[in-house]
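Structure record follows, encoded as structure tokens.
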Amino acid sequence: MGDQNTLLGETHARHLLRRTGFGALKTDVQTFASLTRGAAADRLTSFKPAKFRPPGRDIWRRRVSWLKYMLRTRAPLQEKLVLFWHDHFATGNDKVQNHHWMADQNRLLRLYCKGNFKTFVKAINVDPAMMEYLDTFRNFKEQPNENYARELMELFTLGVTDLAGQPNYEQQDIVQIARAFSGWGWDWSRNRVRFNDWAHDYMSEYGSERGPKVIFRNHGGFGSSGRDFTQPNGEGPQEISQVVDIIFEHRDSDGKSTVARFITKKLLEYFAHPLPPYPDNATIIDRIIQRSAFDIEWDLRRLVREILVDDFFYETAGVPPYSASTPKSVVWPVDFVVTTLRLLRVRPRSDKWGNWYIEGGAYGNVTDYLADMGQILFEPPSVFGWDWEEGWINSATLLARYTFARDVAMARGNKAQHLRPHLLMNLNLTDPGDIVDAVTEALGIRQQLTAAERQALMNYLGGPLDLNDPGVREKKLHGLFALALQTPHVHLH
């Protein structure tokens, strides 16, 4: 058991840096090892939100621009959070068909990724890419569209049920929120979101036909009369914000904040691993909410900070060899690719058509590798985002990971787009055990290897080697990198 005053040590420092960034460089591990959990979390979460907006004249170039930014960023936690919110507020260019709006949303995610969550949701409400993706732009008083109202509650703030399995809302609540969000459109002449008074659902136009604008009857402690969301400022464009205020007051069946629990649970599972069943999950979630006051202040930075000092976060960093019961989490494809490139200091080659190539093996485009692994940035499969954990791994996606590992290891040469082992290790090493240790240290997995796995890699090398011989180096050493990148420890953390 530990707390924010517990010293990290090398194992937990490496775990923290892998989860909050893209790999763990040896120098960074040594620096963080002497810090307490609290000091380390403060340092990681202290970044100033960048205003970066992926450039490019089409969605393909903007996708590569974001990947390049991840590769060179000095605040990797920021990009890990942007990835999380890209999945949470899932929006795809396949429907939006406007790469400018997708880039704007990406910048919005970056600016709010550790800010006030309630303000964040209100900003997403009027984000053009989201308004197009979930049809807020097609929500008129005569033809109400419920898409955004439903997902606002189901996926963005409450969840369908609370932790105890009780429903958080009813279909009637979706209908009422859709009325509140009616009338919004895009002003092409001014290039901005606009409220169209003529398209908004005012009670006076329908009288008793649609009834008063009330949500959450018998849910979240609001009672049988529910909550009138037109008060205190009346009907109009402000309703889109007032609904969010009311949603954030929603309570679980045991009286705890539904929004706080929903977001804390999802961030916990993103940074740590899947939670146990109810009520143990509630115990973990509630203690983090209590320490961070997230149910009152909605400060995402404090919430993330408390997650990163909690024992639950460090459960996966157990001393090797791990047992079958040690919790683990599957590394996301983008995480795997960016981490590999950062740790190996490989910079893919760009061409004038917007491609970003790995020169080894199949001479593959990085975005194509990612597509084969099941993750295309700016195009999550649906509003539900990507399936995590086991959803990342099947026979096709695992083969795609191995292919990427092989091709990066085969990028031979002396330029930045090549794997240059002399930058990562001492080429005067000759003993197979020392070479295996150096390669797995460069990849940040040396501690995780079992004795049998280490021996298997040594067997691949055979006897003593002269790594200063280019032929030996390019055949055996590059092959060792490829094999090490295919071990489970690279894909699980």
Side-chain angles (χ1 to χ4, degrees), residues 51-66 82-113 117 119-157 174-201 236-244 247 367 371 375-386:
K51 297 180 180 178
F52 175 74
R53 177 179 182 270
R57 62 174 182 264
D58 53 46
I59 196 63
W60 296 276
R61 285 173 171 79
R62 293 189 189 278
R63 190 173 291 131
V64 170
S65 295
W66 187 11
V82 173
L83 273 173
F84 172 83
W85 293 117
H86 179 41
D87 177 81
H88 183 79
F89 295 117
T91 308
N93 191 64
D94 52 341
K95 179 175 179 179
V96 175
Q97 294 293 305
N98 188 318
H99 61 92
H100 301 283
W101 288 352
M102 296 302 297
D104 288 340
Q105 187 188 74
N106 186 267
R107 177 170 56 184
L108 184 149
L109 300 180
R110 195 164 284 103
L111 293 176
Y112 284 94
C113 68
F117 183 61
T119 307
F120 193 0
V121 174
K122 290 182 179 181
I124 284 290
N125 276 355
V126 291
D127 169 65
M130 180 62 78
M131 297 180 102
E132 173 64 25
Y133 190 66
L134 289 180
D135 302 311
T136 309
F137 284 155
R138 284 172 283 279
N139 184 13
F140 307 105
K141 60 182 179 182
E142 299 89 352
Q143 297 174 306
N145 189 301
E146 301 170 359
N147 280 355
Y148 187 73
R150 178 178 291 102
E151 308 310 353
L152 174 64
M153 291 191 290
E154 178 180 344
L155 300 178
F156 301 161
T157 57
I174 296 172
V175 173
Q176 295 299 314
I177 292 176
R179 297 178 67 187
F181 286 8
S182 61
W184 289 88
W186 182 254
D187 186 339
W188 289 102
S189 64
R190 297 184 177 183
N191 204 31
R192 68 185 186 186
V193 171
R194 175 179 66 188
F195 178 74
N196 300 310
D197 198 61
W198 56 268
H200 186 64
D201 185 334
Q238 61 273 16
E239 290 177 53
I240 202 168
S241 174
Q242 291 170 9
V243 165
V244 173
I247 286 176
T367 54
Q375 190 165 33
I376 306 175
L377 296 176
F378 296 124
E379 287 190 15
S382 73
V383 70
F384 293 94
W386 288 280

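Keep in mind that what you see is a predicted model, and the values were worked out from it rather than measured.
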Set of ring pair (Phe, Tyr, Trp, His ring centres under 6.0 Å) partners for W66, sequence neighbours left out
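Partners of W66 under the ring pair (Phe, Tyr, Trp, His ring centres under 6.0 Å) test: H86, F378.
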
With sequence neighbours excluded, what pairs up with [X] under the side chain to side chain contact (heavy atoms under 4.5 Å, CB included) test?
X    : result
Q242 : N233, Q238
P55  : F52, S65
A129 : T91, V96, W101, M102, Q105, D127
I376 : R63, A371, E379

According to the interplanar angle, ranging from 0 to 90°, do the rings of F84 and H88 count as parallel (below 30°), tilted (30 to 60°) or perpendicular (above 60°)?
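The rings of F84 and H88 lie parallel, inter-plane angle below 30°.
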
Could you note down all residue pairs passing salt bridge (charged side-chain N to carboxylate O under 4.0 Å, His left out) where residues 178-188 supplies at least one of them, sequence neighbours left out?
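Listed by first then second residue: R179-D201, D187-R194.
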
What distance do L134 atom CG and N145 atom CG have between them, rounded to the nearest 0.5 Å?
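So the gap between those two atoms works out to 9.0 Å.
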
Using distance alone, with no hydrogens and no angle criterion, decide if S241 and K122 have a side-chain donor and acceptor under 3.5 Å apart.
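Checked: S241/K122 side chains pair up, N/O donor to acceptor below 3.5 Å.
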
Whether the Y133 and N147 side chains hold a donor-acceptor pair (N or O, under 3.5 Å, no angle test) is what I'd like checked.
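No donor-acceptor contact under 3.5 Å links the two side chains.
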
Does R57 offer a backbone N or O that forms a donor-acceptor pair with the side chain of H99 under 3.5 Å?
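Yes; at least one donor-acceptor contact below 3.5 Å.
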
Considering only heavy atoms from C-beta outward, does the side chain of F120 approach that of L108 to under 4.5 Å?
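They are in side-chain contact.
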
Are side-chain heavy atoms of L152 and V121 found at a separation under 4.5 Å?
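SC-SC contact between L152 and V121 confirmed.
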
D104 pairs by salt bridge (charged side-chain N to carboxylate O under 4.0 Å, His left out) with which of K51, R110, R53, R62?
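Answer after filtering K51, R110, R53, R62: R53.
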
Please determine if R150 and E146 form a salt bridge, counting it only when a charged side-chain N lies under 4.0 Å from a carboxylate O.
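E146 and R150: salt-bridged.
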
Aromatic ring centroids of Y112 and W85 under 6.0 Å?
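Centroid separation for Y112 and W85: 6.0 Å or greater.
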
